[in-house]
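The structure under discussion appears below in the form of structure tokens.
Every chain is numbered from 1, with letters handed out A, B, ... down the list of sequences. All values below were derived from every heavy atom in this structure, side-chain atoms included, with hydrogens, water molecules and symmetry-related copies excluded.
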Amino acid sequence: MSEVTVTSVAHARHSMPFRGRSFMAFALTPEPPIADWLAELDNWGRSSAGFFVGRPVILDLAAVTLSDHAIAHLVQELAAREIAVLGIEGVEPSQLGPGLPPLLKGGRPANVIESDAASQRRAALTEVPRQELTSLLLEVPVRSGQSVVFLGGDVTVIGSIASGAEVIAGGSIHVYGTIRGRALAGSNGSPRARIFCRKAEPELLAIDGYYRTSEDIDGSLQGRPIQAWLEGNVMKITALD
Amino acid sequence: MAKVLVVTSGKGGVGKTTTTAALGAALAQSGQRVVLVDFDVGLRNLDLVLGAERRVVFDFINVIQGVAKLSQAVIRDKRIDTLALLPASQTRDKDALTEEGVARVIADLRRMCDWVICDSPAGIERGAILAMRHADAAIIVTNPEVSSVRDSDRIIGLLDAKTVKAEKGERIEKHLLIARYDAARAARGEMLNVEDILEILSIPLLGIIPESDEVLRASNIGCPVTLSEATGVTARAYADAARRLNGEEIEMIVPSDKKGLLVKLFGRRAA
């Protein structure tokens, strides 16, 4: 229904309104033999049940050589585990028959689980599903090149997020320092998540996939304490002082 | 047992090699035994800065591969007998450094002296990671400009993740050394000032080295700046930094633009 409406509007205007939307997708990289890999996935899934529900998943097949039939079978197997594959990377276009997810290109790696961050931080991440933590407290600054991903809830940083660093949180992000890098809140699909910081000099702020780069942020907010939230699909930012 | 220091930065050309030579010489002058290790395999420079380039017979890679003994490769300085250099190989590349080889050489050096100072190559690849791997403390050399500061921040993150100390859950000691600080340009707002840099990197400050021709003259004659122009501002700044490394508390002097200050004073009087 709605698609029809949009199309007619577009005809009347002679232009099609498009909006950019970014999501953090999880890339699964199966390794041969596939049966063992699936078993390992099941094993892992037992301690993190429902991890993939509602999350975009990409299947990266660059490391394996699979027949057309085997690809279709693998996608089915994943679907049976409630993992809906959004797109496939690393295969020839001719290998994807009808009924399979589309071929995707140009993906950027985003160090979701493995990152430069200290091992204790990694440990905190992997323990999330079991301990059901709802917040992550970082007592050290997030350095350039580090990526902290915590989809289980809020992230509080006592210190700064450096230029070239990123924090990705399922919930809100609180920074008792300066955001000079990227802060991506609400990344598990929470439009109500917010971003707070003592001093804003961000490269990028995002909530639930809606983002603003520093170019699109009002210059008068530079260097001030701010909060950012979503109103519909518009990101609002105001100074806190 | 020696303390192992790595002099690192991420960015190239900020003054790592000058700092290694100057601090090494300053520490050695106080009677402590110091070995400088050049990790910049393929692009070695530390031998030139120390004026030892014509005395290199064996190098770090030869020792790692078992071709030479450590005692054969280490070159003693002619001016200070407690200062020595383990030169890098100029004909090989950084892949010739092996994890086990580096671990063994550093462990041997630890027994030989009081300070092992590793001069890291620029970048965040293998050479730089191996140079920091066994360090107890790091000196992060940064210039007062955004690219250098951001690269230093990246390196600090790696120090907290990739060193043996970090992997054991211990904290590696970190010191910031601001080099090529031009007081006049900082005053005009053309460079980051000291407070900005400290706010971004949030690690303790070891020293501020002013931008000076003394450094260039020193490396041209192959002598650490702390020896060649011992009374100059650069030498004094490095000597103070060396004393702070030894645990002494010395007041930090931010280099100021004296001319600029006079102009300001006169300007105020006129107004």
- prompt: So what's closer than 4.5 Å to chain B heavy atoms on A:Thr178: side chain, backbone, both or neither?
  reply: side chain
query: More than 12 heavy atoms of other residues, nucleotides or ligands under 6.0 Å from CD of B:Glu249: is that the case?
result: no
query: Is B:Arg133 atom CZ crowded by more than 12 heavy atoms from other residues, nucleotides or ligands, each under 6.0 Å away?
result: yes
- request: Show your reasoning for whether salt bridge (charged side-chain N to carboxylate O under 4.0 Å, His left out) applies to A:Glu139 and B:Arg171.
  value: CA-CA 14 Å; A:Glu139 290 182 273; B:Arg171 275 200 95 78; over 6 Å; no
task: Grab the two heavy atoms, one from A:Val142 and one from B:Asp153, that are nearest each other, plus how far apart they are.
output: O-OD2, 4.3 Å
field: Interchain contact, B:Ile203 with chain A, by part (heavy-atom threshold 4.5 Å)
entry: side chain
field: Greater than 12 external heavy atoms within 6.0 Å of A:Arg194's CZ
entry: yes
field: A:Arg81, CZ: over 12 other non-hydrogen atoms inside 6.0 angstrom
entry: yes
- request: Find the distance between OG (A:Ser144) and CG (B:Asp151) and round it off to the nearest 0.5 Å.
  value: 7.5 Å
message: Surrounding CD of B:Glu190 (heavy atoms of other residues, nucleotides or ligands, distance under 6.0 Å), is the total greater than 12?
response: yes
message: Tell me whether A:Glu203 is salt-bridged to B:Arg150, with the criterion being a basic N under 4.0 Å from an acidic carboxylate O.
response: yes
- prompt: What closest approach, in Å, do B:Ile200 and A:Arg143 show between heavy atoms, and which atom pair accounts for it?
  reply: O-NH1, 4.2 Å
